[in-house]
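So you know, we letter chains A, B, ... as the sequences are listed, proteins then strands, and number each from 1.
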Amino acid sequence: MAQVITITSGKGGVGKTTTTANLATSLAMQGQRVVAIDADIGLRNLDVVMGLENRIVYDLVDVVEGRCRTRQALIKDKRFPDNLFLLPAAQTRDKDAVTPDDMIALCNELRREFDFILIDSPAGIEGGFKNAIAPADHILIVTTPEMSAVRDADRIVGLVEAYEKSNPKLIINRIKARMVARGDMMDTPDVVEILAIDLVGIVPDDESIVISTNRGEVAVLDRDSMAGKAYNNIANRLLGHDIPFLVLDEKQGLWAQLVNMFRTRR
Amino acid sequence: MGFLDNLFGRKQPTSSSVAKERLLTVLVHDRVHLSPHDMDEMKREIIAVIERYVEVTNPEAIEVTLTRGEATDHLKADIPLGRSRQQ
Ligand SMILES: Nc1ncnc2c1ncn2[C@@H]1O[C@H](COP(=O)(O)OP(=O)(O)OP(=O)(O)O)[C@@H](O)[C@H]1O
Ligand SMILES: [Mg+2]
């Protein structure tokens, strides 16, 4: 029986789709049967981030409105043909074509065949967000360490409680170690203290995310990607493994490096 | 960075600590659904009630703030009272 995990954020552009694609792929790499659902109707993107955009025939709205069977709409990821699938969002249709009950019914149908159902939520707190969290067993809230993103994440924490979903977990994305080191970006303990929810992962701001996305690949497939490593760690935590958080100081500023040198010498 | 600050005798708060402070305040307001405008209104009413009972020497010095505690948020009013003896 699958666990349904919804990835949401409040603020747009903080990395929900990137996170969904990487976690889905990472879980599949470990042999889990995974389906990723793009719930961002009208702004479909998970397909391009996963590199599957050319293979779409049917979409989420086709499934909900009964134009095809659920199986027919699932796109196989060629890298993991037996166990990684995408259910794409509709690109052109009316946003209100899908209801929370539709999402619950769809997930209940998929639960039997998969270990993980990951849902990529749209930004905002409107209908699309409600659809995305309705079937969720677990919720991951993505934020960056910036004021507006954290504020919106806090709003989501409140709404998640209001919808009687418990224990949302936090992913802090796009951490810039250099800025943190010089005191110009809130660090992980600050953000965790403010939002007061459990942390499940920290992901550095990393060019490899853009490069992977350009190629229609995902960072977890790139052994040299720091962000990929961070996402693999999160996937492992979802599988119940106890993995320490990454130390994001690889590209620290010169001063921070000097200070660290003095510290370790002493 | 503490090291540089000490070197130049600077004690400016970092932009991240400013962000954190501002966020904590704005989130308390968000959470209790109290806008800064309503907060001012409430402050005026609180002062009016208090003035019915005691003499408030300097209404300007009254501070009504929302702060974050461990498990709950707090509304705090700090009202300096005059110390003039009974005549
Ligand atoms: N860790 C990272 N390092 C560098 N770039 C990143 C990182 N995470 C995300 N990005 C970039 O940020 C942009 C937004 O990411 P993404 O589309 O995943 O966000 P989103 O939350 O799904 O956005 P939307 O709210 O529009 O759905 C993309 O261009 C992506 O490549
Ligand atoms: Mg997205």
Side-chain angles (χ1 to χ4, degrees), chain A residues 10-11 14 125 141 143-162 170 172 174-197 202 205 248-249 252-266, chain B residues 1-47 49 59-80:
Chain A
K11 187 170 161 60
V14 297
I125 54 177
I141 301 179
T143 186
T144 61
E146 287 173 64
M147 286 193 66
S148 48
V150 174
R151 184 189 195 179
D152 292 356
D154 187 74
R155 187 93 165 80
I156 295 294
V157 173
L159 286 172
V160 163
E161 278 167 18
L170 180 66
I172 308 176
R174 307 199 72 164
I175 298 173
K176 295 185 175 141
R178 296 178 68 146
M179 291 189 73
V180 173
R182 64 167 195 256
D184 281 330
M185 182 173 266
M186 284 184 286
D187 67 4
T188 301
D190 288 340
V191 179
V192 171
E193 183 198 327
I194 290 167
L195 292 174
I197 60 174
I202 51 175
D205 190 77
L248 304 178
D249 59 1
Q252 268 185 3
L254 182 62
W255 279 116
Q257 279 177 26
L258 282 175
V259 170
N260 276 345
M261 263 172 57
F262 286 128
R263 282 212 185 110
T264 41
R265 291 268 164 84
R266 243 186 278 145
Chain B
M1 251 203 318
F3 172 57
L4 278 181
D5 287 348
N6 291 345
L7 203 64
F8 297 111
R10 245 191 324 182
K11 267 282 168 308
Q12 263 213 345
T14 59
S15 73
S16 67
S17 62
V18 174
K20 188 181 174 189
E21 281 312 306
R22 291 177 57 214
L23 252 178
L24 287 172
T25 308
V26 86
L27 288 187
V28 178
H29 281 271
D30 285 356
R31 284 173 189 167
V32 300
H33 302 290
L34 191 61
S35 69
H37 173 268
D38 287 349
M39 179 95 171
D40 281 345
E41 201 63 23
M42 182 174 72
K43 186 172 157 181
R44 253 194 298 281
E45 288 185 36
I46 290 173
I47 295 170
V49 169
E60 290 300 303
I62 293 177
E63 272 182 51
V64 179
T65 49
L66 277 171
T67 56
R68 252 177 69 109
E70 273 294 304
T72 49
D73 297 328
H74 298 260
L75 176 70
K76 289 191 179 150
D78 183 347
I79 303 151

Please state whether the side chain, the backbone, both or neither of Leu24(B) comes within less than 4.5 Å of a heavy atom of chain A.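 For Leu24(B), side-chain heavy atoms alone lie under 4.5 Å from chain A.
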Heavy-atom distance under 4.5 Å to chain A: side chain of Arg31(B), backbone, both or neither?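 Side chain only.
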Say whether, by atom type as modelled, one donor and one acceptor occur between the side chain of Lys43(B) and the main chain of Ile62(B) under 3.5 angstrom.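 Side chain of Lys43(B) to backbone of Ile62(B), a donor-acceptor pair under 3.5 Å: yes, one is there.
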Please find the pair of heavy atoms, one from Val64(B) and one from Met39(B), that lie closest to each other, and give the distance.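 Closest approach of Val64(B) to Met39(B), heavy atoms only: O-CE, 3.1 Å.
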Please give me the minimum heavy-atom distance between Leu34(B) and His29(B), naming the atom from each residue.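 Answer, listing the atom of Leu34(B) first, then His29(B): O-ND1, 2.8 Å.
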Which one of Ile141(A), Asp190(A), Val150(A) satisfies the side chain to side chain contact (heavy atoms under 4.5 Å, CB included) criterion with Leu195(A)?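 When Ile141(A), Asp190(A), Val150(A) are each tested with Leu195(A), the side chain to side chain contact (heavy atoms under 4.5 Å, CB included) holds only for Val150(A).
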Examine whether an atom of [X] lies under 4.5 Å from a heavy atom of chain B, and if so say whether it belongs to the side chain, the backbone or both; otherwise answer neither.
X	answer
Met186(A)	both
Glu146(A)	neither
Asp184(A)	both

Is it the case that more than 12 heavy atoms not belonging to His74(B) sit under 6.0 Å from its NE2 atom?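 Enclosed: over 12 neighbouring heavy atoms sit under 6.0 Å from NE2 of His74(B).
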